[in-house]
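The block underneath contains the structure these notes are about, expressed in structure tokens.
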Amino acid sequence: MHGPSGGLRPAARTYVRTYVRTYAPKPREDRPVDLHDAWGPLPSRSRALLVPLFLLTAVVLPVWWVLLLAVFLVFLAFALVGEVLSLIPGFEKGFTKLLDSFWDRVEIWPRWCVTLLELRHEGDAGFYRARVDKKLTAWTRKEEAAQAARKAPPPGPYEVWLRDFRGVGAGYVVQAARGLGWELSHDRHSDPERVVRLRRLPVAA
């Protein structure tokens, strides 16, 4: 692997560069938002696409919410029965994992949804920036109020979904969050084209 001068041989250097490009975590949280980056703003959608999606949202979204409510009630009923089944070794842990996996994949607002506000503000970075800032500020105030009252902080989840950051990108969420004492969650994965999951940085004593 090492040549006479102690450096890496060309083949090894090529391997390292390929590995870093492929597997290095991204984005770096201190990196500026790049329009061509997966963590940058999504391309603006055309009016010809937005209008049909808006009409579809008005029809389908209420039905989707009713279905989610029905699924929730089924899980709730099963959880009540599960009090007995919890005597089975591993059942409770498996059921909790199933619930977490299900709700991680289900979106209350599907990515294709377009509301009237989003129809009017497509491509407006200022609109989406204000959305993100409002959400982060509200979370920060609740955390600070709980800390001042020496109470447990709100349990979360602290998730910023695509519909909130589409026009500015997930990278902006990370940058704005860091300025308020947040960072990417270490326990729950973030997807820059779907959701950014955050956690509060520990407060120095």
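In this text, all values refer to a predicted model and were calculated from it rather than measured experimentally. Nothing fancy with the numbering, it's 1 onward along the sequence.
Its side chain within the 4.5 Å cluster rule, W161 clusters with V195 among the Ile, Leu, Val, Met, Phe, Trp and Tyr residues.
Residues D133 and Y172 bring a donor and an acceptor atom of their side chains to less than 3.5 Å of each other.
The closest donor-acceptor contact from the side chain of R47 to the backbone of L119 lies under 3.5 Å. Side-chain atoms of R197 come within 3.5 Å of backbone N or O of H189 as a donor-acceptor pair.
One hydrophobic cluster holds both L117 and V168 under the rule that ILVMFWY side chains link at heavy-atom gaps under 4.5 Å.
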Side-chain donor/acceptor pairs under 3.5 Å, residues 50-79, sequence neighbours excluded:
residue, atom, partner, partner atom, Å
T57, OG1, L53, O, 2.7
T57, OG1, V114, N, 3.0
W64, NE1, E107, O, 2.9
W65, NE1, I108, O, 2.8

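For D191, the side chain to side chain donor-acceptor pair (under 3.5 Å) test picks out no residue, with sequence neighbours left out. The side chain to side chain contact (heavy atoms under 4.5 Å, CB included) search around R141 returns T137, not counting sequence neighbours. For R163, the salt bridge (Lys or Arg N to Asp or Glu O under 4.0 Å) criterion is met by E118, not counting sequence neighbours. Every residue two or more places apart in sequence or in another chain that forms a side chain to side chain contact (heavy atoms under 4.5 Å, CB included) with T140 is listed here: E144, L180, W182, R200. Residues forming a side chain to side chain donor-acceptor pair (under 3.5 Å) with R120 (at least two apart in sequence, or on another chain): none. By the side chain to side chain contact (heavy atoms under 4.5 Å, CB included) test, L42 pairs with L162, R166, sequence neighbours left out. E122 meets the salt bridge (Lys or Arg N to Asp or Glu O under 4.0 Å) test with R45; sequence neighbours excluded. For E193, the salt bridge (Lys or Arg N to Asp or Glu O under 4.0 Å) criterion is met by no residue, not counting sequence neighbours.
Among all heavy-atom pairs drawn from A152 and A146, the shortest one is O-CB, 3.8 Å. The minimum heavy-atom distance linking P192 with A38 is given by the pair CB-O, 3.5 Å. When all heavy atoms of W39 and S190 are compared, the pair lying nearest together is CH2-CB, 4.3 Å. Contact between P41 and G167 at its shortest, heavy atoms only, is CB-O, 3.6 Å.
Separating the CG atom in D187 from the CZ atom in R199 is a distance of 7.5 Å, to the nearest 0.5 Å. Interatomic distance, L49 CG to S44 OG, rounded to the nearest 0.5 Å: 11.5 Å. Considering CG of L198 and CZ of R178, their distance stands at 12.0 Å, rounded to 0.5 Å.
Applying the salt bridge (Lys or Arg N to Asp or Glu O under 4.0 Å) test to pairs two or more places apart or on separate chains, none has a residue in residues 56-69. Sorted by first and then second residue, the pairs that involve residues 149-158 and meet side chain to side chain donor-acceptor pair (under 3.5 Å), not counting sequence neighbours, are E143-Y158.
Side-chain contact between V196 and E159 is absent, with no heavy atoms from C-beta onward closer than 4.5 Å.
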Kindly indicate, with the supporting measurements, whether the criterion side-chain contact (heavy atoms from CB on, under 4.5 Å) is fulfilled by W139 and V160.
CA-CA 11 Å; W139 288 345; V160 185; 3.8 Å; yes
